[in-house]
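Quantities reported herein were computed from a predicted structural model and do not represent experimental measurements.
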Amino acid sequence: AQLSVYNHRAELIGRQTVAVGAGTASTWTWTPRLPGFGWYFTEILVCEDDGSGTYLNQIEHSIGAMLYLPQDPGDLGPDAARFMLVAEGMPDDQLPLLSEMLEQTGLLGAVVSAWDRRTTPSTLQDRQQLLDPLIRALTVAGGRAVVSFHPVPVDLSARGAAGSTDPLSVLLGEEQIWRPYLKPVLVRYGQRLNHWQLGASSRADAFYSGRLADDLDTLEHTFRMMAPAPHLIVPWRLDQPGRDTVQGDDRSVAMRWPQGFTPAALRDAMETWPVPPEDVRLDLDLADADQMRHEQRVADLALRMLHAWEVQPGAIGLPSPWTEGHERRVSLLPDPALGVWVTTARRLAGQRVVGWMPLGQGLRCMILDGEQGGMLAVWNQDAPDETVEVGLFLGDAPVEIDLFGNRRDLPGSGDRHLLTVGRTPRFITGIDATLALFRAGFTLDDPFIESTQQVHQRTLRLTNPWPRTINGRYTITGPRSWDIQPRMHHFSIAPGGSIEVPLAIRFPIHEPGGTKQLAASFSFDAERHYDISMAIPIELGLRDIDFESSVALEPGSEPGTTDAVVTLSVTNRGDTPTALYLFATARERPRREVLIPGIEPGEFATRRVRFTDIGDLLGESPLRCGVREA
């Protein structure tokens with residue numbers, strides 16, 4: 001029998017092989033050395049030992065999964081109930097496992113179905129006995145339980161009009177058909193619960209109703225006859241246009257957030273929605289494991305949670321982050337997303353997004369503050385490199401926490417900590433949140449510097465986030481060799497106030513284009529004395545010119561030699577014709593330069609240059625390519 005343990009990247013963590021059968025022990029214990037908190041899956045192979053050592057004759061194969069998470073920190077406050085597990089359609093035999101899952105993860109919110117597909121009036125009481133402990137535990141703990149009327153039982157659907165599976169249509173049908181299914185639910189739970197969901201957000205059939213306002217009024221009247229204070233939840237999708245007919249004091253929306261809407265697009269989408277965010281529960285679409293690697297799935301989920309938390313919906317839901325185990329007993333195998341959901345919820349509970357801090361091109365840094373103190377969420381959104389190292393002062397003792405709860409102290413010395421930013425979001429706790437807001441308020445009115453030899457006028461802005469006046473000075477330290485005036489400036493800024501400093505910027509004539517850092521060292525007094533460095537990403541280039549280059553190696557004209565052929569391409573995005581020089585340089589080789597005397601608006605042009613016999617430069621010399629105005 002061979003037992004193997006893998007992490008969520010499918011990397012082998014440990015393996016043990018033991019002999020079983022033929023008089024040996026039928027059970028054994030093994031404690032693998034796990035590298036940290038996370039999601040792990042196990043694989044057991046039982047094979048016949050024919051003496052060859054290959055174990056080709058497989059007898060049994062079983063797969064399991066587990067979450068290894070930090071111990072529950074305890075009460076997460078009122079926000080704990082806003083992170084909900086959506087368990088619609090869960091069959092009767094799995095409901096006790098949902099209660100156990102909520103208890104072990106410390107989550108206090110769940111969406112459960114009043115019925116399953118096999119429910120009949122005679123079996124409804126059996127399902128309610130399974131729901132009772134779950135609902136009781138949530139209500140006693142101050143959590144949130146939502147009862148959904150999805151799925152519609154097969155028997156009820158067959159009796160209804162045209163065999164509809166839409167709860168909204170069924171409950172608007174003939175009363176004698178739906179009453180035996182609805183009344184026992186409302187009578188049993190109507191005194192303890194008041195949130196009733198009219199179908200699954202994944203279906204969102206309400207959008208297609210031509211008389212939705214009247215239908216909802218009718219259902220509110222029906223529910224009030226059996227429950228004292230019903231609150232109806234209407235299923236919707238983020239990619240469906242909003243309707244103000246779903247708005248009301250006793251109504252809210254369960255909105256499915258499909259994969260087609262990227263995390264960064266959420267704010268714009270929600271701004272067009274007529275219902276305020278606090279009346280919306282966002283149910284996040286989780287990418288299937290056969291469509292996306294687990295590492296990408298958990299990063300995507302964390303980004304969706306972060307952007308959702310910024311708009312502050314009433315709740316966030318995660319649909320069924322588990323898989324049914326194929327064993328003799330009923331079991332649920334946790335998805336890696338469940339672990340990320342739990343640990344990210346623990347980070348966000350009691351916190352609010354207070355701003356964004358610039359870290360560099362393609363990097364994102366969200367500033368949060370609240371009951372847990374200052375915190376950052378950082379990730380590499382679209383920088384060319386997978387990981388980017390950033391050095392900055394974050395506080396006296398910052399700690400980095402990954403999506404499964406593993407912690408490490410950030411390395412650093414003096415006024416700088418070394419932060420490695422990758423595609424997967426990470427949290428930085430123990431930071432000085434007000435200082436992070438001060439960094440976010442250090443801005444330039446236009447960070448693009450046109451690559452023309454003239455004085456470029458810009459305005460530097462500083463904002464004081466402290467509740468007292470701050471006094472100090474800054475000295476501009478970069479880019480080196482640039483002439484920026486005034487290089488030093490003394491400031492005094494009132495609480496919540498800002499100052500603007502005009503800058504005159506010149507750069508050297510041979511300065512290459514690209515991303516730079518307008519860096520400055522600060523020394524000032526706020527609630528304490530600070531000596532820190534800060535930087536603003538700026539870009540030097542031609543605003544209306546797109547430039548690309550590539551290099552290919554080809555056999556040279558002389559046997560045994562190698563040439564480098566460089567392709568230089570430009571596009572004129574401006575409104576006027578322009579003349580350009582394209583160039584390429586390599587060490588100890590003549591500079592190659594090509595003139596394009598006129599490139600029209602919208603025109604694309606490409607040129608090739610060749611460096612002959614470059615074998616001695618391979619791996620030894622950089623190749624620098626560029627474009628400049630003629």
Side-chain angles (χ1 to χ4, degrees), residues 6-11 13 35-41 65 67-70 83 85 105 238 256-267 282-311 316-323 334-348 351 353 356-357 359-368 375-390 399-408 410 419-429:
Y6 302 85
N7 65 13
H8 72 286
R9 300 184 184 92
E11 298 166 340
I13 300 301
F37 299 121
W39 178 87
Y40 299 92
F41 75 91
L67 281 171
Y68 175 37
L69 301 178
F83 299 92
L85 294 181
T105 58
L238 193 58
R256 180 61 64 100
W257 180 0
Q259 279 286 314
F261 265 93
T262 62
L266 176 66
R267 174 175 284 279
L282 278 172
D283 290 346
L284 314 186
D285 248 358
L286 185 62
D288 292 335
D290 58 357
Q291 297 175 331
M292 192 183 291
R293 297 197 315 269
H294 280 318
E295 193 169 9
Q296 295 172 307
R297 293 173 71 239
V298 298
D300 177 74
L301 174 61
L303 288 176
R304 290 175 185 274
M305 293 180 73
L306 288 167
H307 284 279
W309 204 243
E310 185 184 20
V311 300
I316 310 175
L318 182 65
S320 305
W322 54 75
T323 302
D335 190 288
L338 178 61
V340 172
W341 182 261
V342 173
T343 53
T344 304
R346 291 174 180 176
R347 300 281 74 75
L348 297 180
Q351 303 293 94
V353 179
W356 291 83
M357 184 170 73
L359 282 184
Q361 185 180 24
L363 307 182
R364 300 287 282 162
C365 179
M366 178 184 285
I367 309 171
L368 301 101
M375 182 170 67
L376 302 179
V378 298
W379 65 93
N380 179 354
Q381 182 162 294
D382 51 20
D385 297 326
E386 285 293 311
T387 59
V388 179
E389 290 191 345
V390 180
V399 176
E400 180 184 83
I401 307 176
D402 70 12
L403 294 184
F404 288 106
N406 296 290
R407 294 170 175 260
R408 76 177 185 102
L410 278 182
L419 180 62
T420 302
V421 185
R423 304 292 183 192
T424 301
R426 291 175 180 265
F427 296 96
I428 313 298
T429 62

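Taking each heavy atom of A264 and H307 in turn, the nearest pair found is CA-CE1, 3.9 Å. The shortest non-hydrogen separation linking M292 to Q296 is CG-CB, 3.3 Å. The two atoms that bring A383 and L363 nearest to each other are CB-CD2, 4.2 Å, heavy atoms only. P336 and V298 make their closest contact through CB-CG1, 3.9 Å (heavy atoms, listed as atom of the first residue, atom of the second, distance). Of all non-hydrogen atoms in I428 and L419, the two that sit nearest each other are CD1-CD1, 3.6 Å. Residues R304 and T262 share a closest heavy-atom pair of NH2-CA, 4.4 Å.
The side-chain heavy atoms of L410 and V399, taken from C-beta on, include no pair separated by under 4.5 Å. Side-chain contact between N406 and I401: absent, with no pair of heavy atoms (C-beta onward) separated by less than 4.5 Å. A 4.5 Å side-chain heavy-atom check between L85 and W322 finds at least one atom pair inside the cut-off. Contact annotation: the side chain of R297 approaches that of L286 to within less than 4.5 Å [non-hydrogen atoms, C-beta and beyond]. In this structure, L306 and M366 have side chains that are in contact, with non-hydrogen atoms separated by less than 4.5 Å. Looking only at side-chain heavy atoms (C-beta outward), P258 and L238 come within less than 4.5 Å of each other. At least one side-chain heavy atom of P263 sits less than 4.5 Å from a side-chain heavy atom of D300. No side-chain heavy atom of M305 sits less than 4.5 Å from a side-chain heavy atom of L318.
The distance from atom CG of L301 to atom CH2 of W341, rounded to the nearest 0.5 Å, is 6.5 Å. Note that CG of L282 is 11.0 Å distant from CZ of R256, once rounded to the nearest 0.5 Å. To the nearest 0.5 Å, atom OG1 of residue T105 and atom CG of residue L67 are 9.5 Å apart. Here L303 contributes atom CG and L284 contributes atom CG; the two are 11.5 Å apart, rounded to the nearest 0.5 Å. Separating the OH atom in Y68 from the CZ atom in F37 is a distance of 4.5 Å, to the nearest 0.5 Å. Residue R9 holds its CZ atom at 12.5 Å from CH2 of W39, rounded to the nearest 0.5 Å.
Scanning for ring-ring contact (aromatic ring centres under 6.0 Å, His included) contacts around W309 gives F83, with sequence neighbours left out.
Using a cutoff of 4.0 Å between basic side-chain nitrogens and carboxylate oxygens, D402 and R408 are not scored as salt-bridged. Salt-bridge annotation for E310 and R267: present, with a side-chain N of the basic residue lying under 4.0 Å from a carboxylate O of the acidic one.
Checked by atom type and distance alone, the side chain of Q259 pairs as donor or acceptor with a backbone atom of D285 at under 3.5 Å. Judged purely by atom type and a 3.5 angstrom limit, D385 has no side-chain atom pairing as donor or acceptor with the backbone of T387. Using modelled atom types, one side-chain atom of N7 and one backbone atom of A10 make a donor-acceptor pair closer than 3.5 Å. At least one donor-acceptor pair closer than 3.5 Å links the side chain of W257 to the backbone N or O of F261.
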Derivation of the side chain to side chain contact (heavy atoms under 4.5 Å, CB included) call for L69 and V342: CA-CA 9 Å; L69 301 178; V342 173; 4.2 Å; yes
Test T424 against L403 for side chain to side chain contact (heavy atoms under 4.5 Å, CB included), laying out the working first. CA-CA 8 Å; T424 301; L403 294 184; 3.4 Å; yes
One pair to check against side chain to side chain contact (heavy atoms under 4.5 Å, CB included): W356 and R364. What are the steps and the verdict? CA-CA 8 Å; W356 291 83; R364 300 287 282 162; 3.5 Å; yes
Go through R347 and M375 one step at a time and tell me if the side chain to side chain contact (heavy atoms under 4.5 Å, CB included) criterion holds. CA-CA 9 Å; R347 300 281 74 75; M375 182 170 67; 4.2 Å; yes
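The aromatic ring centroids of F404 and H8 lie less than 6.0 Å from each other.
Annotation: cation-pi pair R423/W379 absent, no NZ/CZ under 6.0 Å from the ring centroid and within 45° of its normal.
No more than 12 heavy-atom neighbours from other residues, nucleotides or ligands sit within 6.0 angstrom of CZ on R293.
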